Structures are given as structure tokens and as C-alpha cells.
Amino acid sequence: MGDPGGAGRREIQLGMRVAWAGRVADAVPAAGAWVLGATALLAARERHAEARDLPAGVRERCRALLGAGAVEAASLPEMAARLTPTARWALRDIDDPLRLWEGEERWWTRIEEDGRDLLAGSGFSMGPVLGAAAVLAADARRVRAALELAARGGDHDALV
């Protein structure tokens with residue numbers, strides 16, 4: 001995994017997430033666009049929404065996954081332009097850090113749609129298994145949101 005670039009909770013959490021992303025990108029090529037999109041959103045949130053520099057180890061891993069100039073970009077549009085083509089989709093048309101939620105929604109939509117496409121495949125490959133995992137993850141996210149909504153009395157505005 002390597003040194004995350006610090007001993008604090010934030011550094012360790014970011015380090016583990018980006019290290020995991022690198023491992024999944026290497027081991028499961030069919031999930032590469034998902035992993036790179038998620039990593040782009042993670043880096044964008046840290047750098048532009050939270051206005052925090054990435055820890056050194058995390059920054060180096062992000063450079064390897066996303067492209068050398070993406071992490072150093074001064075704005076979201078500049079970051080998106082510098083991302084590798086496989087990661088760029090997650091930040092498409094997002095110019096304000098307050099709109100990163102749109103990228104996250106786009107990410108979940110793509111996971112589910114790609115997962116359903118993979119489920120339609122046949123043969124003895126990893127595709128249908130990966131598709132099932134993706135669709136189940138999207139379903140679990142919706143169940144979590146429904147449970148949170150119910151816990152707050154069913155008022156949709158309470159989630160916002």
C-alpha cells in the first residue's frame with residue numbers, strides 16, 4: 001500500500017482509498033473507468049471543495065491514476081481537462097465545487113447502467129459477476145437512502 005503521507009485519520013483514510021483504487025484498476029480492467037471516475041471525484045472534493053492539499057503519498061498515487069497535471073489544477077474545469085480520458089467523464093461540465101454531487105450521481109448512474117449491461121453478458125467471464133456486484137451496490141445505496149429518509153420521518157427535504 002505504501003506510505004499515505006501522514007499518520008492522521010484523514011491521511012490514512014485517503015491513502016487506503018487511493019491504494020485500493022489502484023489495485024482494483026490493475027486487477028479488474030472492466031472496472032477501470034469506475035475506479036478512475038471515483039478517484040477523480042475524491043481528489044476534486046479534497047482539493048477544490050475542501051480546499052486541502054492531498055498528502056504526499058496520496059498525491060503521487062493520484063498522479064499515477066489520473067494524470068500528472070490533474071492533481072495540481074487550480075480549478076475543477078482545469079482538473080477535468082487534465083484528467084486521463086478514462087477519468088474525465090466524472091467531472092464533465094462541473095465548474096463549481098458545490099456541484100460535485102452531480103458527478104457523484106453521474107458515477108452511481110454509470111455504475112448501475114454498466115452493471116446491468118455486464119449482467120446481460122453470457123459465458124464464463126468475470127463480467128456478469130462484476131455486473132451483479134455493481135447493481136447490488138447501487139441498490140444498497142438506494143436502500144440506505146430510503147432508510148435514512150424513513151428515520152427522519154419520511155420528509156424528503158430532511159435529507160437535503
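Because the structure is predicted, anything quoted here is derived from the model rather than measured.
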Determine whether L54 and W20 fall in the same hydrophobic cluster, where Ile, Leu, Val, Met, Phe, Trp and Tyr are linked whenever their side-chain heavy atoms lie under 4.5 Å apart.
yes

Counting C-beta onward and ignoring hydrogens, is there a side-chain heavy-atom pair between L36 and L83 closer than 4.5 Å?
no

Straight-line distance of L136 CG to I111 CD1, nearest 0.5 Å
12.5 Å

Which pair of non-hydrogen atoms, one from P97 and one from H48, has the smallest distance, and what is that distance?
CG-O, 3.4 Å

Kindly give the heavy-atom pair with the smallest separation between V24 and A31, and that separation in Å.
CG1-CB, 4.3 Å

Run the side chain to side chain contact (heavy atoms under 4.5 Å, CB included) test on E112 and D139 for me, step by step, so that the C-alpha distance in whole Å, both residues' side-chain angles and the decisive distance to 0.1 Å come before the verdict.
CA-CA 9 Å; E112 185 166 24; D139 286 346; 4.1 Å; yes

Verdict with supporting geometry, R116 and E113, salt bridge (charged side-chain N to carboxylate O under 4.0 Å, His left out):
CA-CA 5 Å; R116 289 190 191 286; E113 289 172 357; over 6 Å; no

Between G67 and T84, what is the shortest heavy-atom contact and its length?
N-CG2, 3.9 Å

Applying side chain to side chain contact (heavy atoms under 4.5 Å, CB included) to L118 and V135, what does each step give before you reach the verdict?
CA-CA 10 Å; L118 287 167; V135 171; over 6 Å; no

Please report the interatomic distance CG(L76) to CZ(R45), rounded to the nearest 0.5 Å.
11.5 Å

Atom of G103, atom of I94 and distance for their closest heavy-atom approach:
N-CD1, 3.4 Å

Testing the basics here: between L130 and A30, what is the closest heavy-atom pair and its distance to 0.1 Å?
CD2-CB, 3.6 Å

Strictly distance-based, threshold 3.5 Å: is any side-chain N or O of R99 a donor or acceptor partner for the main-chain N or O of D93?
yes

Show the nearest heavy-atom pair for residues L91 and A80, with the distance to one decimal.
CB-CB, 4.0 Å

Side chain to side chain contact (heavy atoms under 4.5 Å, CB included) assessment of R52 paired with R10
CA-CA 11 Å; R52 298 189 287 205; R10 175 182 163 262; 3.3 Å; yes

Is R106 positioned over the aromatic face of W89, cation under 6.0 angstrom from the ring centre and no more than 45 degrees off axis?
no

Quick one: are V58 and E11 in side-chain contact, heavy atoms under 4.5 Å?
no

Donor-acceptor check, side chain of E148 to backbone of R144, threshold 3.5 angstrom: yes or no?
no

Keeping the roles fixed (side chain from R61, backbone from V18), state whether a donor-acceptor pair exists under 3.5 Å.
no

Set out, in order, the CA-CA distance, both residues' side-chain angles and the distance that settles salt bridge (charged side-chain N to carboxylate O under 4.0 Å, His left out) for E72 and R59, then state yes or no.
CA-CA 9 Å; E72 288 81 12; R59 187 172 49 250; 5.0 Å; no

